[in-house]
Visitor: 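First the structure, which I've put down as structure tokens, then a few questions once you've had a look.
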Amino acid sequence: MSRILILGGRLLDPASARDETADLLLEGGCIAAAGSDLDSRGAEVIDAAGCWVAPGFVDLHTHLREPGQEHKEDIASGGRSAVAGGFTSLACMANTEPVNDDPATTDYIIDRARQESPARVYPIAAATKGLKGEIMTEMSALMAAGAVAFSDDGKTIMDSGLMRRILEYSRLVEVPVVVHCEDRMLVLDGVVNEGPVSTKLGLPGNPAAAEEVHVSRDVRLAELTGAHLHVAHVSTAGAVKTIREARERGVSITAEATPHHLTLTDAAALDYDTNTKVAPPLRSAADVEACRRGLVDGTIDCVATDHAPHAVHEKDQEYTAAPPGLIGFETAVPVVLDLVRRDEISPLELIRRFSTNPAHIIQRPGGSLADGEPGDVVVIDPNRRWTYDPAKGYSKSRNSPWAGLEMIGRTVATLVEGRLVYHVDRGVLVP
Ligand code: DOR
Ligand code: ZN
């Protein structure tokens, strides 16, 4: 096995609260040592001067589109795009074709990922058959096949009795249920946040309340069942407040926010760019501010991209017809670094939300630079300026609201299991 020495970076290890300049040695697929004057014989050296060196990012919310929608993305292209953004592990949602609601599909995804993806891939299985919100999936069989959580992401489970049973079963198997909270009867045909922007655009609005009533319901059901509820893509101030209060009461709840909900408001939709159409929608400035505060104070545990690729011809329609979603792996670092540049969060705490916390939520390795931990590492230059061009990225899709924009901060190198899988100057290296 190869040895790699990452030289002279700022080591950020939330697991040990370490934040200091040091070298990091990887050997035999694991972290071998941190410090100075490490034995570098036979080691490939990565210069990390001026860079952050952190545990690889763990993305709890991605859509890899395989099986079934490989014209948008597949496990190979999604895995490449992920490591180019600094993600070493991904959890992928079940809204594939067929839906990942049986062990054979879970098995297929894991098998393909082993062959094709430079990032580790952890399937999240559907909570209900066909994502129809009617019949529960067989959780223990899906877990035996490798599912790390259950979710009908993209769809909301409207039947509260069924949701209760899903939470009860999830408690027995001790995995989180990831909820996409949008009350369908309140969303109706809403495509942008309900408010001045929807009025101005003349587009049907999707009210913040659509998210908030379901977060409230699911918190109540988590309280009733004792299950671990994980709230996906939190987008409203009311949802943040409900989650914060639930936590204070001791409810077993975790939550994530996306780079887009942390930085973009509904004003981004004012030119009808369908790359700003996402579910839940971009919200008001007050909502964005509340999500940022939630991330900073720990109410929101992690950043997750909700990387949701769609083909050019699918997005190139009128706003109401285009599918919701945007790609997010390769822009997550520069976009979210805005919070560090504005002194809202420290680098160490931000890394905790990208790596340590999400790894804990799905109980998988990662999130630590301690000796013997897996050699999943990211090197970031927080000051590097570049212009984002999705056509030059690794995703098969280009649906990004940040296309053509100048970015500050970039993933320089990504290592998975002690192997260099991405370097900004050399591109994706394996498999
Ligand atoms: O914007 C979104 N896109 N939200 C979802 O919940 C689903 C996702 C997708 O699959 O495209
Ligand atoms: Zn979702």
Side-chain angles (χ1 to χ4, degrees), residues 59-75 78 81 90-100 109 123-128 130-131 133 149-158 176-184 187 189-193 206 210-211 214-215 218 229-236 239 254-262 264 266 268-269 273-283 291 300 302-315 317 319-329 332 395-401:
D59 194 341
L60 293 187
H61 196 139
T62 77
H63 298 272
L64 299 180
R65 306 299 191 210
E66 184 179 353
Q69 295 183 304
E70 289 87 349
H71 67 288
K72 298 175 195 259
E73 197 78 285
D74 59 28
I75 289 167
S81 184
L90 325 168
C92 58
M93 288 299 176
N95 63 342
T96 47
E97 289 173 11
V99 167
N100 181 13
I109 293 166
I124 293 178
T128 74
L131 306 177
F150 294 93
S151 182
D152 274 9
D153 182 63
K155 301 242 169 90
T156 303
I157 297 164
M158 293 291 288
V177 175
V178 181
V179 284
H180 175 120
C181 291
E182 285 193 296
D183 190 296
R184 240 175 274 163
V187 173
D189 55 357
V191 289
V192 286
N193 183 43
N206 171 346
E211 174 164 324
H214 268 267
V215 171
D218 290 347
L229 182 75
H230 179 79
V231 184
H233 41 52
V234 173
S235 77
T236 80
T254 54
E256 68 190 34
T258 67
H260 45 284
H261 291 117
L262 290 165
L264 300 176
D266 51 0
D273 176 4
T274 57
N275 293 323
T276 64
K277 180 173 173 183
V278 65
L282 300 174
R283 302 285 189 187
C291 290
I300 295 172
C302 49
V303 177
T305 64
D306 196 2
H307 176 85
H310 293 291
V312 171
H313 71 272
E314 294 161 335
K315 277 293 196 178
Q317 303 187 65
Y319 209 94
T320 48
L326 53 90
I327 56 171
F329 290 137
S395 173
K396 285 189 187 179
S397 291
R398 301 188 178 178
N399 50 311
S400 168

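Counting convention: from 1, in listed order, for ligands and their atoms alike. Only a predicted model underlies this, so the values are computations on that prediction, with no experimental measurement involved.
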Visitor: Do the side-chain N and O atoms of Q69 and H71 include a donor-acceptor pair separated by under 3.5 angstrom?
Guide: no
Visitor: Can T128 and D152 be counted as having a side-chain donor-acceptor contact under 3.5 angstrom?
Guide: yes
Visitor: Does ligand 1 have any atom sitting under 4.0 Å from a heavy atom of H310?
Guide: yes
Visitor: Would you please say whether a donor-acceptor pair under 3.5 Å links the side chains of H233 and E256?
Guide: no
Visitor: Relative to the heavy atoms of D153, which atoms of ligand 1 are at a distance of less than 4.0 Å?
Guide: 6 (O)
Visitor: In ligand 1, which numbered atoms sit nearer than 4.0 Å to a non-hydrogen atom of V278?
Guide: 1 (O)
Visitor: Please state which protein non-hydrogen atom is closest to atom 4 (N) of ligand 1 and give its distance, to 0.1 Å?
Guide: A279 O, 2.9 Å
Visitor: Identify, for atom 3 (N) of ligand 1, the protein heavy atom at the shortest distance, and state residue, atom and that distance.
Guide: P324 O, 3.1 Å
Visitor: Quick check: does any side chain N or O of S81 sit under 3.5 Å from a backbone N or O of F329, one acting as donor and the other as acceptor?
Guide: no
Visitor: Give me the nearest non-hydrogen protein atom to atom 8 (C) of ligand 1 as residue plus atom name, then the distance to 0.1 Å.
Guide: H63 NE2, 3.7 Å
Visitor: Quick one about E73 and S395 (side-chain donor to acceptor, distance below 3.5 Å, no hydrogens or angles considered), yes or no?
Guide: yes
Visitor: Any chance you could measure H307, atom NE2, to H63, atom NE2, to the nearest 0.5 Å?
Guide: 9.5 Å
Visitor: With nothing but distance in play, are any N or O atoms of A308 less than 3.5 Å from an N or O of ligand 1?
Guide: no
Visitor: Side chains of S235 and R283: is there a donor and an acceptor less than 3.5 Å apart?
Guide: yes
Visitor: Closest non-hydrogen protein atom to atom 9 (C) of ligand 1, residue and atom name please, with distance?
Guide: R65 NH2, 3.4 Å
Visitor: Would you mind counting protein N, O or S atoms that sit less than 2.8 Å from the Zn ion (ligand 2)?
Guide: 3
Visitor: In the protein, which heavy atom is nearest to atom 6 (O) of ligand 1, and how far is it?
Guide: H180 CE1, 2.9 Å
Visitor: Can you tell which part of L326 has a heavy atom less than 4.0 Å from ligand 1: side chain, backbone, both or neither?
Guide: neither
